[in-house]
Amino acid sequence: MRTVLVTGGAGFIGSAVCRLLVGQGRRVICLDSLTYAGNLSTLDSVLHAPNFRFVHADIGDIATVAALLREESVDGIMHLAAETHVDRSIDSPAAFVETNVVGTVRLLDAALDHWRALPDPARAGFRFHHVSTDEVFGDLPLDSGVFTEDTAYAPSSPYSASKAASDHFVRAWHETYGLPVVLSNCSNNYGPYHFPEKLIPLTILGAIHGEPLPVYGSGANVRDWLHVEDHAEALARVIDGGTPGETYLIGGRAERSNLLVVEAICDLIDIRLGLLGGRPRRDLIRFVADRPGHDRRYAIDPSKIERELGWRPAHDFTTGLIHTVDWYLTNRAWWEPIRASRYAGERLGVSAARLANANQG
Ligand code: NAD
């Protein structure tokens with residue numbers, strides 16, 4: 001892929017993808033509507049690169065997307081734009097249907113028109129890469145089983161149901177219209193620029209500030225953690241080398257209970273900042289009523305992407321978490337304005353000057 005349209009590139013994973021692809025010398029067009037979860041400062045390191053262009057638009061804006069695909073001769077789409085927070089999906093599911101399902105279908109329509117108009121061999125090389133989650137597979141017992149590419153879909157939350165639906169539509173555009181799609185379903189990511197409403201950054205910032213640290217239920221739920229840069233590298237391999245119509249599961253073989261993760265963060269902040277009034281930060285942990293429909297465990301078998309695309313994660317969870325904690329301790333300028341805004345559904349303060357200075361469409 002030489003010219004890639006990345007949707008949701010101002011978010012956590014999309015920005016890591018933009019940084020990786022720009023560093024590889026590809027032309028990257030980042031399309032993002034900058035919801036409360038999108039932030040231009042996340043893209044600071046690439047915003048002014050000559051091979052990067054930011055476009056402030058919605059994935060459902062077919063006219064803008066169609067014009068961009070044509071103008072930029074896009075030969076690959078990496079679709080990451082989505083509403084992503086499970087708790088928000090429980091409170092307001094409609095927004096998840098609108099963006100994750102309807103928005104994806106609109107994007108598929110624009111991609112199909114573009115692909116059909118391409119001359120050969122560009123037509124043969126074009127890919128639509130749908131970036132999805134392991135949450136579409138639902139709940140695993142705490143002590144057995146892993147997800148594979150053959151696992152049946154059984155989503156539990158409005159978020160995972162909307163991602164499952166979008167996966168089905170992407171496959172349908174392949175089976176029905178021949179659009180060359182690839183799909184990937186990844187486990188939980190962590191790392192720099194993670195929006196502070198998610199477990200790891202929420203806990204890091206709460207521990208820095210000495211605030212109560214909420215943990216759902218007894219904290220026994222298990223997630224399979226992967227560093228965001230390893231995910232970005234895997235996504236690049238899937239769009240470059242994946243077989244059209246195929247799905248690739250991506251995971252770091254790093255299962256941890258939520259309680260273990262929160263305790264590890266408390267200990268790391270204690271080491272970096274010292275105890276809080278003589279007490280360990282583990283004392284800040286508060287067990288709160290469990291999330292409805294809370295899946296017990298997710299675990300990925302990543303054998304297919306390892307075997308077929310030669311991908312392996314470069315970070316192990318223990319050192320990756322130390323680096324992540326250190327990143328939040330040294331990058332207050334990124335998260336302080338976000339935290340101050342309380343990210344209560346508003347668009348974040350993207351100043352007109354920042355947008356004007358960006359290499360945007
Ligand atoms: P995020 O919430 O950090 O970022 C989402 C981005 O999409 C934001 O920049 C937002 O502004 C943008 N966006 C939302 N609606 C849009 C719209 N209608 N048009 C254009 N842009 C829009 O999300 P993330 O954690 O980076 O996740 C990215 C993708 O990866 C999602 O599709 C998610 O389902 C998937 N995924 C996430 C994880 C994880 O652990 N975070 C794991 C597996 C898969």
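Both ligands and their constituent atoms are indexed starting at 1 by order of listing.
Both cation-pi conditions hold for Arg223 and Tyr298: the charged atom is under 6.0 angstrom from the six-membered ring centre and inside a 45 degree cone around its axis. For the pair Arg256 and Trp225, the cation-pi criterion (under 6.0 Å, within 45° of the ring axis) is not fulfilled.
When each of Tyr328, Trp335, Phe12 is paired with His194, the ring-ring contact (aromatic ring centres under 6.0 Å, His included) condition holds for Phe12 and for no other.
For ligand 1, the protein residues placed under 4.0 Å by at least one non-hydrogen atom are Gly8, Ala10, Gly11, Phe12, Ile13, Asp32, Ser33, Leu34, Thr35, Ala37, Gly38, Ala57, Asp58, Ile59, Leu80, Ala81, Ala82, Thr84, Thr99, Val131, Ser132, Thr133, Tyr159, Lys163, Cys186, Ser187, Asn188, Asn189.
In this pair, Phe137 and Tyr153 present their aromatic rings perpendicular. The plane angle is above 60°, beyond the 30 to 60° band.
Other members of the hydrophobic cluster containing Val222, listed by chain and number, are Leu142; membership follows side-chain contacts under 4.5 Å among ILVMFWY residues, whether direct or relayed.
Atom CG of residue Asp44 and atom CZ of residue Arg19 lie 10.0 Å apart, to the nearest 0.5 angstrom.
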